[in-house]
> 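Take a look at the following structure, please.
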Number of protein chains: 2
Amino acid sequence: MPSLKALRAFEAAARHSSVSAAGRELNVSHSAISQQISILEGYFGRPLFLRRGKRIAPTAEAAAFLEDIRLGFDRIAMASEQFARSGGARVVTINTTPSFAMRWLIPRLPGFQSAHPEIEVRVSTSSTDQIAGLGEPYDIIIRRDAMNRADHRCDRFLDDVATVVVARNLVEKGALKVPKDLLGLPLLQMRSRPEAWPRWFELNGVSCPDPLAGPLFEHFFLSVQAAINGLGAAVVPYALVESDLAAGILAAPFSSRDLVGPGFHILYRTDFLTNRVGRTIVDWLLAEGRGHKPPSGSPPVPPA
Amino acid sequence: MPSLKALRAFEAAARHSSVSAAGRELNVSHSAISQQISILEGYFGRPLFLRRGKRIAPTAEAAAFLEDIRLGFDRIAMASEQFARSGGARVVTINTTPSFAMRWLIPRLPGFQSAHPEIEVRVSTSSTDQIAGLGEPYDIIIRRDAMNRADHRCDRFLDDVATVVVARNLVEKGALKVPKDLLGLPLLQMRSRPEAWPRWFELNGVSCPDPLAGPLFEHFFLSVQAAINGLGAAVVPYALVESDLAAGILAAPFSSRDLVGPGFHILYRTDFLTNRVGRTIVDWLLAEGRGHKPPSGSPPVPPA
DNA sequence: GCGATCCGTTAGTGATTCTTACAAATAATC
DNA sequence: GATTATTTGTAAGAATCACTAACGGATCGC
């Protein structure tokens, strides 16, 4: 029996009619696929693909062979999935900040639940950005900065670009055209990020009022709610208001330079990925994060 | 999808109800199997085997899972085999000495042919023990000693124990009871191994006649034929006369100490094993060789 | 024509897998 | 019941395997 790894590479390459595409699917370089195919061709002593320049196509014989390979792998894959699901609900605990939970994680959870009904996700929140004192062990910790812990791995999974948002009706009044116009509005502040407004004003060439005029909140999500209600302007991570912007509830009033942070990160034990449930949830978080890139440079023009 | 390697280990272990046996089947240590199973159990987050001391048995769930795994692998294995066979006959060339070809290799070839009809084996013989001057490239070279060549691998695959044999009827006459009795017979000699008789006599505590009385042959197989015809006694590798001894045509007349050589070896290119045909023939040779161990110490008593 | 894309090869690196120990537990044997 | 021989699981190191990165050659689209 030939190498199963080589057979998988062969199958993927044949299905895509492309070595590179197969590499993308299996998360390896095109070179890795190419080598595995070479090994397989060496094993059988004859070519598996017809190569005409860039394009590759499986031999007539190989095509028939592929059918069986696919059926075999499919059977194994389906059985594995069924076995995994039959094992009862598995619990994954995620700790993050209240704001991130409310405005990013929880809205996306239904999507995960429907894709993986056997996995139960428990979200817990801690107000602190510090992870040192977290009592319980969590499977995944999400924070706004990179973290470090022995035997753990930290992945950046979401851009942290803080932009100014206000309620839709404030924009429609036409009073906000340039950054300086903000000075006429209450500036919603957060206790945990006192430097947000000063840095933002500096970045956009406006001298920052001192003291800032406006209420102080403990959490992002509270200030966002205040902004939605027309209480003033807030500087918040784009990722946490994406849906409100898209829905037209909030608006980014003008083109501006944004505060770019180190990004949102997830922290988990290194061996968490060797577990199917662990890999599933981490892959999902990474995919969700990468799938929603904020526009670089300037925020989108608010919908008309 | 979990690691295919781990699934194979799991399947084999379950089939044998034994980690060690699975290791033997897959040609790895029991530890390797044990670790792969651990990985799989970690992946699924629950045990696959019930362990009661030494004995292991798959979980009820796992047993159902196994069915599908087996079907999947079987499908792939069968398709691979079919694909390999559909590729037309492949040729393997083997070079060895005339004696080895006649008395060991050729008698066994029909067994190989019926197991692998798509592979054509071509046997060529060279009288010399030297492999340096062999002109053509051969896939496999078989000689009585270890060989060395760049990018090649040499495996010992057959014991080389030379013992004394005579025609059956000479034994029945009762004239041969101890080594010393040989002195009354013609001693069949070989040009390539002039030291055989002197060493054998020395090993068995008999002073060797000088010069030896008896005809000189170029090849083992000629001297064996002479022995069969009652012309005298020969010292020949046990492996080359095994079937004649078993059939009662030749006989090992008495218990004696035998000449133990370094063994018969096969030489082939290192990458020959990456080819299916290559691996098939090498595996077959190794299995045939290991399957026919000569009795250690003393030769068998001739059949009555 | 020219840039972009794709495949194949090589050398070097990195990761997985295996082997070789050892420890614990059990089954077999005396 | 003590002893020996098996068998499984774990740990650490070694060996193998697979992958990446970089380059060259070839083709395709513009």
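Atoms considered below: every heavy atom in the structure, side chains included; atoms not considered: hydrogens, waters and symmetry mates.
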> Can you list, by residue number, the residues of residues 270-286 of chain B that have a non-hydrogen atom closer than 4.0 angstrom to DNA chain C?
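Under 4.0 Å from DNA chain C: no residue of residues 270-286 of chain B.
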
> Tell me: CG of A:Leu26 to C1' of D:dT20, nearest whole Å?
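The answer, rounded to whole Å, is 15 Å.
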
> Distance check needed: D:dC17 P versus A:Arg8 CZ, whole Å only.
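It works out to 20 Å between those atoms.
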
> For the residue pair A:Thr270 / A:Asp151, report whether a side-chain donor-acceptor contact shorter than 3.5 Å exists.
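Absent: no donor and acceptor within the cut-off.
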
> 5'-most contact on DNA chain D: A:Arg52 or A:Ser3, nearest heavy atom basis?
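Comparing both residues, the 5'-ward one is A:Ser3.
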
> Rounded to the nearest Å, what distance is computed from the CD1 atom of residue B:Ile39 to the P atom of nucleotide C:dT16?
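Checked: the CD1 to P distance equals 9 Å.
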
> Under 3.5 Å, side chain of A:Ser17 to main-chain N/O of A:Ala57, donor-acceptor pair present?
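Such a contact is absent between A:Ser17 side chain and A:Ala57 backbone.
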
> State whether the distance check finds a donor on one side and an acceptor on the other, under 3.5 Å, for side chain B:Ser31 versus base D:dA11.
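Between D:dA11 and B:Ser31, which were checked side chain against base, a qualifying N/O pair under 3.5 Å is present.
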
> Specify the separation, in whole Å, of atom CD1 of B:Ile33 and atom C1' of C:dT19.
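For the pair B:Ile33 CD1 and C:dT19 C1', the rounded distance is 13 Å.
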
> Has the side chain of A:Gln36 got a donor or acceptor atom that lies under 3.5 Å from a matching backbone atom of A:Ala32?
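Judged by distance alone, no pair lies under 3.5 Å.
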
> Would you kindly give the CG-to-P distance between B:Leu4 and C:dT17, to the nearest whole Å?
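Interatomic distance, CG of B:Leu4 to P of C:dT17: 11 Å.
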
> Taking the side chain as every heavy atom from C-beta outward, state whether A:Ser80 and B:Leu7 have any pair of such atoms under 4.5 Å apart.
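Yes, side chains in contact.
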
> Measure distances between side-chain N and O atoms of B:Gln35 and base N and O atoms of D:dT8, and say whether any donor-acceptor pair falls under 3.5 Å.
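A donor-acceptor contact between them is absent.
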
> Distances under 3.5 Å only, N/O to N/O: pair up the protein atoms with those of nucleotides 2-7 of chain C.
{"residue": "C:dT5", "atom": "O2", "partner": "A:Lys54", "partner atom": "NZ", "Å": "3.1"}
{"residue": "C:dC7", "atom": "OP1", "partner": "A:Val19", "partner atom": "N", "Å": "2.8"}
{"residue": "C:dC7", "atom": "OP2", "partner": "A:Ser20", "partner atom": "N", "Å": "2.8"}
{"residue": "C:dC7", "atom": "OP2", "partner": "A:Ser20", "partner atom": "OG", "Å": "2.3"}

> Please round to 10 degrees the angle between the axis of the first five pairs and the axis of the last five pairs in the helix from C:dG1-D:dC30 to C:dC30-D:dG1.
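The end-segment axes of the helix from C:dG1-D:dC30 to C:dC30-D:dG1 are tilted 40° relative to each other.
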
> Look at the aromatic rings of B:Phe112 and B:His116 and report parallel, tilted or perpendicular, splitting at 30° and 60°.
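Correct class here is tilted.
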
> Can you tell me which residue pairs pass the ring pair (Phe, Tyr, Trp, His ring centres under 6.0 Å) test with a partner in residues 71-96 of chain B, sequence neighbours excluded?
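Pairs touching residues 71-96 of chain B that pass the test: A:Phe44-B:Phe83, A:Phe65-B:Phe83.
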
> Checking contacts here: which listed nucleotide (C:dT17, D:dT20, D:dC19) is nearest the side-chain heavy atoms of A:Gln36?
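Closest nucleotide among those given: D:dC19.
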
> Has B:Thr96 got a side-chain atom pairing as donor or acceptor with B:Ile142's backbone, closer than 3.5 angstrom?
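Yes.
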
> Would you indicate whether the side-chain heavy atoms of B:Arg85 and B:Pro117 approach each other to under 4.5 Å?
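A side-chain contact exists here, since the closest heavy-atom pair is under 4.5 Å.
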
> Looking only at heavy atoms, which two atoms of B:Ala239 and B:Trp104 are closest? And how far apart?
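In terms of heavy atoms, the two residues are closest at O-CD1, 3.6 Å.
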
> Which pairs, with at least one residue in residues 11-20 of chain B and sequence neighbours excluded, count as a salt bridge (charged side-chain N to carboxylate O under 4.0 Å, His left out)?
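Salt bridge (charged side-chain N to carboxylate O under 4.0 Å, His left out) check on residues 11-20 of chain B returns B:Glu11-B:Arg15, B:Glu11-B:Arg70, B:Arg15-B:Glu25.
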
> Rounded to whole angstroms, how far apart are NZ on A:Lys5 and P on C:dA15?
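In whole Å, C:dA15 P and A:Lys5 NZ are 14 Å from each other.
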
> Of all the choices, D:dC19, C:dC18, C:dT17, which nucleotide is nearest to the side chain of B:Val28 once you look at every atom?
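In terms of side-chain proximity for B:Val28, the closest of D:dC19, C:dC18, C:dT17 is C:dC18.
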
> Please list, chain by chain and in numerical order, all residues satisfying salt bridge (Lys or Arg N to Asp or Glu O under 4.0 Å) with A:Asp74, sequence neighbours excluded.
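Counting only residues at least two positions away or on another chain, A:Asp74 forms no salt bridge (Lys or Arg N to Asp or Glu O under 4.0 Å).
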
